[in-house]
Amino acid sequence: MMIEQILIGKTKEAVKALYQLDATPAQIQLQNTRKEFAGDITLVVFPFTKVSRKSPEATATEIGGYLQANLAEVESFNVIKGFLNLSIRKEYWLGFLTENYGTEKFGFQKTIESQPIVIEFSSPNTNKPLHLGHIRNNLLGFSLSRILQAAGKNVVKVNLVNDRGIHICKSMLAWQKWGNSETPESGGLKGDKLVGKYYVIFDKYFKDEIAAMVSEGVNPDEAAKKAPLILEAQQLLQKWEAGDEEVIGLWKKMNGWVYDGFEKTYKTLGIEFDKTYYESQTYLLGKVLVEEGVQKGVYTRRADGSVWIDLSAEGLDEKLLLRSDGTSVYMTQDLGTATQRHKEYDPEQLIYVVGNEQDYHFQVLKVVLKHLGCAWSDSIYHLSYGMVELPAGKMKSREGTVVDADDLMQEMFDTSEAMARELGKIESFDDEEAKNLYRTIGLGALKYFILKVDPKKNMMFNPAESVDFNGNTGPFIQYTYARIKSVLRKATEANFELAIHPSVSILAEEKELLKKIHDFPATLTQAAEMHSPAIIANYAFELASEYNRFYHELTILKEENLPSRGLRLCLSELTAKVISNSLWLLGIEVPERM
RNA sequence: GGCCUCGUAGCUCAGUGGAUAGAGCAGCAGCCUUCUAAGCUGCGGGUCAUAGGUUCGAAUCCUAUCGGGGUCACCA
């Protein structure tokens, strides 16, 4: 059992015995002792001073005395103000290390067979290539699914591709008009890039039309609705909905190109899904529900046929659920897919990784479902992540300031290659190993750079900083791993024993590293509860830093005291595992050499 | 304007009501004949936006103000 659990139990016992208090979990506050004080774990005793009716110091001393007398693990304690600093016996730490240094998945929970957690992320539109914003979404979704999995959850990763609607019709129309039958092969363009190109072409001619109309005195709003191109695109959409064979054929062809392109991007990025849904197959699902709501009288149909829900009682406003022409809006579709997922998986939690510009939408979605009588709407969790901004400001596709996902990754690979060559790191590498290394490090840098920031916050993506491989970066952590593996390889060659001798003493540097490793299981639990890969990222950095300090201060292979050498090798071994596992949780690979 | 959200070192970010608020980058000064220097050590750098309040204790909770962002479509 981890020492925290033991201490919580014993502290509860202590305050019961001393003050007849049944302590709540919130009252028992344990934290790691700050480095400037003696001790390992600190109990904050302020919550008990009311019942003890004594000073914080006296209370801490009493509790400390009780714990020392009744727990073999507590060696000694000191008191500073209301902080009870406990020193834990060496035997506990050695026992912990002995038990775990050989455990591949130290800190991971066994998967419990129960209701799954369904997590939707990525959810791209098929009219343009993936960009930096999608990358944050994908990395967060993928990492969170691994974190939840490691925390013992049964996780299903789903993608909902927005493959229909006016946007794809715009690309289709432009391709028909100006495409000259260009294909990805003939144009030498990745499929998603090709379709995106025609989306841009549409927009250009559409703007020209509007400008022409405005110069003839039409007001801009009117022009945007009446321009011939947009009317034609709408016609295309109507034909699509009517199942027109030619239109469907073109739609399938162009979407096929996009999927090929997306697949490459996902593959390079290392993202995969358990199931992919297509909006063309789900967009009608919500209509039935809305009708049901009208029947129940929780939604109201207006004279023009449109359906609304009045949420003013919840402090929200009136919301449209079905257009007057009977077609679905975004909300209708989400009602449908949420219900579908509920039926299909009966999930413990239904997570949506979607940007914070949709906070209001999800708030409404939950309430609207509740009105329908779906108690499970409480299981919806919107992982609302902040926007990615560039030094130049917001990304705007129309202004060409979008950072393309493929380009960005390629840039990372190129930079890591240049850096590796400059540092002379790859002299003993063959071509393939070198190429893999560039890929691993480039992606490590990119992923870490994005994931280390709290998902909820907006973040600044500074390209110059993202290709920095020193300091608090992915490559720094990967380097630490490679360094450890190098030591371990040499230890194996020399037939050095990885073993803990009970007599070995623990030096300060070893202790700090060991305590950091010891924190991992609790960190994982916290990251899962808070839905935050950033917690894992920051932990991995701290662990790597701690190891580098240890590595610098102490010798390992040349240590002549065998118990000490064994201890350091075991520490190295477990650190490597925890770094590798932490990075795995972030979707980042580790190189054996770099 | 209503609602939501953020404001911490020059920059990018940690900091779940607890001790003297921490990292990285950038700057300066050191450390490779020794296990990988993509590393390590040291120095400088703060009105935690502002003003009140709650609390034994506030960067953290509450209120107001200022500033940034988002959102209020028969778009998604």
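Proteins get letters first, then strands, A, B, ... in listed order; numbering begins at 1 in each.
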> Taking the C1' atom of each, how far is B:U8 from B:A14, in whole Å?
Replying inline: 10 Å
> If the C1' atom of B:C11 is compared with that of B:G17, how far apart are they to the nearest Å?
Replying inline: 30 Å
>> Using Watson-Crick or G-U wobble geometry with both distances under 3.5 Å, which nucleotide pairs with B:U71?
In response: B:G2
> What is the ring orientation for A:F520 with A:Y539, classed by angle as parallel under 30°, tilted 30 to 60°, or perpendicular over 60°?
Replying inline: tilted
>> From the set B:U12, B:G18, B:A38, return the single nucleotide nearest to any side-chain atom of A:N470.
In response: B:A38
>> Using a heavy-atom cut-off of 4.0 Å across all strands, would you classify A:Q358 as base, sugar-phosphate, or nothing?
In response: base
> Is A:F541 stacked on the base of B:G24, meaning ring centres closer than 5.5 Å and planes within 30 degrees of each other?
Replying inline: no
>> By the 4.0 Å heavy-atom rule, please label A:F476 as base, sugar-phosphate, or nothing.
In response: sugar-phosphate
>> Taking the ring centre of each residue, are A:F476 and A:F469 less than 6.0 Å apart?
In response: no
>> As a test of reading the structure: which of B:U71, B:C35, B:G39 is closest to the side chain of A:H552, going by heavy atoms?
In response: B:G39
>> Say we look at B:C25 and B:C72: how far apart would their C1' atoms be, to the nearest angstrom?
In response: 39 Å
> With sugar-phosphate meaning primed atoms plus P, OP1 and OP2, does A:N85 contact a base, only sugar-phosphate, or nothing at under 4.0 Å between heavy atoms?
Replying inline: base
> With rounding to whole Å, what would you report as the distance between B:C75 and B:G15 at their P atoms?
Replying inline: 40 Å
> Checking all strands, does A:I168 fall into the base, sugar-phosphate, or nothing category for heavy-atom contacts under 4.0 angstrom?
Replying inline: nothing
>> At 4.0 Å (heavy atoms only), tell me whether A:R549 reaches a base, stays on the sugar-phosphate, or touches nothing.
In response: sugar-phosphate
>> If I pick the P atom on B:G53 and the same atom on B:U60, what distance separates them, to the nearest angstrom?
In response: 14 Å
> Among B:A19, B:C35, B:A76, which nucleotide sits nearest the side chain of A:V329?
Replying inline: B:A76
>> Salt bridge check, A:E559 against A:R568: does any charged N sit closer than 4.0 Å to a carboxylate O?
In response: yes
>> With the 90 degree cut-off around zero defining syn, does B:C61 come out syn or anti?
In response: anti
> Roughly how far apart, to the nearest Å, are B:G46 and B:A73 at atom C1'?
Replying inline: 45 Å
> So, is the end of the A:R565 side chain (NZ or CZ) under 6.0 Å from the ring centre of A:F496 and within 45° of the ring's axis?
Replying inline: yes
>> Base, sugar-phosphate or nothing for A:L322? Non-hydrogen atoms, less than 4.0 Å.
In response: nothing
> Nearest nucleotide by nearest heavy atom, which residue falls closer to the 5' end of RNA chain B, A:F37 or A:H361?
Replying inline: A:F37
> Is A:F46 stacked on the base of B:G57 when the test is centres under 5.5 angstrom and planes under 30 degrees?
Replying inline: no
> Between A:W251 and A:R164, is there a cation-pi geometry (under 6.0 Å to ring centre, at most 45° from the normal)?
Replying inline: no
>> Check this one for me: any side-chain N or O of A:K457 less than 4.0 Å away from OP1 or OP2 of B:U12?
In response: no
> Any donor-acceptor pair under 3.5 Å between the side chain of A:T480 and the base of B:A38?
Replying inline: no
> Taking atom types as modelled and ignoring hydrogens, do the side chains of A:Y330 and A:Q358 form a donor-acceptor contact shorter than 3.5 angstrom?
Replying inline: yes
>> If we count only N and O atoms by modelled type, under 3.5 Å, do the side chains of A:T49 and A:T59 hold a donor and an acceptor together?
In response: no
>> Under 4.0 Å, counting only non-hydrogen atoms across every strand here, what does A:E542 touch: a base, just sugar-phosphate, or nothing?
In response: nothing
> Base, sugar-phosphate alone, or nothing: which one does A:E36 contact when heavy atoms must sit under 4.0 Å apart?
Replying inline: nothing
> Which one, B:G18, B:C74, B:G39, comes nearest to the side chain of A:V44?
Replying inline: B:G18
> How would you label the contact of A:D325 with the nucleic acid (heavy atoms, under 4.0 Å): base, sugar-phosphate, or nothing?
Replying inline: nothing
> When all nucleic acid strands are considered with a 4.0 Å heavy-atom cut-off, which category describes A:A491: base, sugar-phosphate, or nothing?
Replying inline: nothing
> What integer number of Å spans the C1' atoms of B:G67 and B:A49?
Replying inline: 8 Å
> Which residue lies toward the 5' end of RNA chain B, A:S545 or A:R483, if each is placed at its nearest nucleotide?
Replying inline: A:R483
